[in-house]
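Chain letters run A, B, ... following the sequence lines, proteins first and then strands; every chain starts at 1.
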Protein chains: 2
Amino acid sequence: MAASTVSYVLSGKRSISSATRDRVQEAVRVLGYRPNASARALASNRSNVIALVIPLRAGMHVPVLMQFATAVVTTARRFDHDVLLLTADEGRSGLERVSQSALVDALVVMDVELHDERVPLLRELPMPSVLIGIPADTEGLTCIDLDFFAAAEQCVDHLADLGHHEIALLGTPSAVYERQTGFAARTVAGFQAAAERRGIAGIETPCESTFEAVLETVGDLLREHPGITGVVIQNEPIIGPLLDVLRRLGRRVPEDMSLMAICADDVAVRQVPQLSSVTLPADEIGQQAVETLIAKLDSDLGPGVTLMPAQLTARASTSTAP
Amino acid sequence: MAASTVSYVLSGKRSISSATRDRVQEAVRVLGYRPNASARALASNRSNVIALVIPLRAGMHVPVLMQFATAVVTTARRFDHDVLLLTADEGRSGLERVSQSALVDALVVMDVELHDERVPLLRELPMPSVLIGIPADTEGLTCIDLDFFAAAEQCVDHLADLGHHEIALLGTPSAVYERQTGFAARTVAGFQAAAERRGIAGIETPCESTFEAVLETVGDLLREHPGITGVVIQNEPIIGPLLDVLRRLGRRVPEDMSLMAICADDVAVRQVPQLSSVTLPADEIGQQAVETLIAKLDSDLGPGVTLMPAQLTARASTSTAP
DNA sequence: TTCGGTAGTTGAAGCGCTTCGACAAGGACC
DNA sequence: GGTCCTTGTCGAAGCGCTTCAACTACCGAA
């Protein structure tokens with residue numbers, strides 16, 4: 001019984017008689033044999049590990065990140081890969097390190113900015129990568145994200161259909177806009193485009209993720225634009241505070257004020273009243289990212305941008321304009 | 001110039017003349033040379049990767065987990081190690097896989113239950129590990145956690161010192177108790193012990209992490225125990241809802257009701273009013289875990305339990321009993 | 001019957017490092 | 001001047017796999 005035979009049984013890369021295969025598998029089982037990962041990686045030039053670069057920056061909503069990360073790990077395991085966790089604060093050098101040392105076979109990069117310094121590097125690296133988020137120039141890249149432009153449009157359309165003609169977008173913390181994060185910019189663009197198309201007034205404002213900030217931002221907003229009857233909210237952690245603030249201000253949802261959220265479904269459903277929302281499908285995006293990466297690994301799949309379609313669910317937080 | 005010489009320059013394991021060293025370093029710089037991680041691991045029997053097992057279970061508060069994870073990754077990088085992310089749903093087999101294939105050198109396991117099925121396995125594995133959390137039998141293990149018993153005691157003492165004699169512990173979701181998670185059990189024990197010692201009434205109840213659950217739980221609590229004037233809260237995500245519920249019920253904080261939280265400092269400070277709290281030092285625990293692990297890696301450090309001391313900070317949410 | 005082809009198996013080469021033992025050169029000591 | 005030790009460098013072995021080329025055995029077609 002040659003070592004190579006065992007290798008072929010385990011990898012299935014050559015035909016093996018069923019007798020031999022059974023014998024090998026039995027021995028593997030009995031001895032509890034596990035191939036050494038480093039030796040395997042050295043010989044095959046594949047580590048079966050992918051890197052996941054997670055942002056740790058101001059304004060990012062942690063539970064959503066974790067949802068992405070979980071989806072990535074779970075899907076990677078389905079394809080017999082493991083996940084190496086990198087934090088974005090290592091920046092370019094972290095990516096260079098893990099790819100040039102062949103620690104990983106491929107990269108998943110989250111929280112991509114419009115003009116991300118890592119993008120040129122990703123183009124050069126001799127290793128497939130998938131971005132979660134869309135930079136300004138996607139030439140030669142593989143990117144996946146929710147279609148935030150369409151998401152915002154759908155929110156506006158839904159409110160416009162209900163007869164609202166002055167609505168607001170309560171956005172992400174200003175830090176997120178300042179670093180030109182793609183998803184935030186695309187949401188604003190979609191919001192403005194749809195408002196214009198529908199001939200209604202659309203006011204957008206950033207909002208920090210604290211109760212006081214919501215209190216102040218919403219207070220200012222309603223003072224300056226008393227005609228607002230609909231709000232689109234993109235910043236998940238302020239959903240609770242916003243509902244609270246509206247209650248304090250005596251505005252009932254949805255009677256006086258309609259609310260649309262762009263957030264995970266379970267978050268929307270957990271509120272009182274349940275929120276009409278466009279789903280942020282973090283699970284599917286993470287899963288899709290890994291599946292694409294695996295495809296690129298063993299078939300030189302070309303680059304391309306995948307926008308997950310936005311899907312709106314009307315619930316109890318929106319109604320016809322007062 | 002022998003390959004071995006380069007290796008010795010890079011690792012510093014033998015003395016090298018400064019002339020040679022400079023020449024090698026210059027060449028490394030110019031060529032952008034990076035040692036191949038797999039080859040290095042195969043030859044040296046060290047992958048320089050540690051596994052981090054993260055729970056994805058009901059009732060766990062995600063931002064805190066992320067804080068642990070971040071601290072672990074950052075600290076690991078300080079010691080020139082990387083982090084492989086495992087989810088707890090792979091259970092024992094995940095641990096066996098990564099350790100037996102020598103994918104990693106060591107393990108950090110989070111969210112340990114009192115009778116965790118992974119504990120016996122960890123004792124057997126030929127590889128150091130550190131648990132974040134304390135199981136029932138710590139024989140032969142290295143564990144680190146906040147001293148939740150003392151944390152609860154300090155909360156009770158603080159309230160008792162202020163003259164309260166009927167207080168409640170608003171705990172974690174019941175799922176966390178049911179699976180006998182150590183930190184929750186130790187908090188309850190400390191709460192009860194201190195209440196008894198101080199001769200005051202201590203009522204403890206689990207609480208799910210939704211607004212309605214808080215509304216109902218607190219409603220029931222105050223109906224059955226109308227004399228309660230102080231609450232200790234261990235469940236971070238319900239801090240906001242709790243403040244809201246008390247407001248609705250017309251109980252002012254701290255005039256009518258004193259509040260103590262066991263949570264991260266920044267969370268306590270972000271509330272209105274700012275909460276008196278015992279800090280949950282996730283950063284330090286994560287950091288300490290990795291430092292201990294590194295020490296075990298290259299010096300056969302013995303096992304042992306490290307309880308991080310609890311530290312109480314009085315803020316605006318506690319005052320003398322009404 | 002002979003020949004080409006296919007399926008099954010094998011030994012050997014080699015992946016890119018680390019580490020061990022050997023060895024040369026030089027300094028200290030008697 | 002010879003011996004011993006230290007310091008710096010090197011070649012070779014080997015880590016545990018994968019993969020290639022080669023070989024055997026056997027089958028069907030000519």
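- One atom, CG of N45(A), and another, C1' of dG16(D), lie 16 Å apart when rounded to the nearest Å.
- Annotation: Q311(A), atom CD; neighbour count of heavy atoms from other residues, nucleotides and ligands within 6.0 Å does not exceed 12.
- One interatomic measurement links the two molecules: CZ of R46(A) to C1' of dT19(D), which rounds to 14 Å at whole-angstrom precision.
- Checking the phosphate oxygens (OP1, OP2) of dT18(D), no side-chain nitrogen or oxygen of K13(A) falls inside 4.0 Å.
- More than 12 heavy atoms of other residues, nucleotides or ligands shown are found within 6.0 angstrom of CZ on R46(A).
- A pairwise comparison of heavy atoms in P55(B) and M110(B) identifies CD-CB, 3.9 Å as the closest pair.
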Under 3.5 Å donor-acceptor pairs involving side-chain atoms of residues 128-146 of chain B, not counting sequence neighbours:
unit_1  : atom_1 : unit_2  : atom_2 : d
D137(B) : OD1    : E139(B) : N      : 2.9
D137(B) : OD2    : R123(B) : NH2    : 3.4
T142(B) : OG1    : K296(B) : NZ     : 2.8
D145(B) : OD2    : R186(B) : NH2    : 2.7

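- A search for side chain to side chain contact (heavy atoms under 4.5 Å, CB included) contacts involving D147(A) returns F149(A), A150(A), L307(A), not counting sequence neighbours.
- Within 4.0 Å (heavy atoms only), S7(B) reaches at least one base atom of the nucleic acid.
- When all heavy atoms of N48(A) and D80(A) are compared, the closest pair comes out as ND2-O, 3.2 Å.
- Contact detail for A76(B) and V83(B): the closest heavy-atom pair is CB-CG2, 3.7 Å.
- Taking each heavy atom of Y177(B) and A184(B) in turn, the nearest pair found is CE2-CB, 3.6 Å.
- At whole-Å resolution of the value, CG in L10(B) and P in dC17(C) are 10 Å apart.
- Between the side chains of S17(A) and T20(A), a donor-acceptor pair is found at a separation under 3.5 Å.
- For DNA chain C, the neighbouring residues in residues 23-40 of chain B, judged by any heavy atom under 4.0 Å, are Y33(B), R34(B), P35(B), N36(B), A39(B), R40(B).
- End-to-end axis angle for the helix from dT1(C)-dA30(D) to dC30(C)-dG1(D), using five pairs per end and rounding to 10°, comes out at 40°.
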Practice task
Summarise how protein sits on nucleotides 5-14 of chain C as a single string, 5' to 3': B when a protein heavy atom is under 4.0 Å from the base, S for sugar-phosphate-only contact, - for no contact.
Solution key: --SSBBB--B
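- A 4.5 Å side-chain heavy-atom check between L107(A) and L122(A) finds at least one atom pair inside the cut-off.
- Scanning for salt bridge (Lys or Arg N to Asp or Glu O under 4.0 Å) contacts around E90(A) gives R97(A), R77(B), with sequence neighbours left out.
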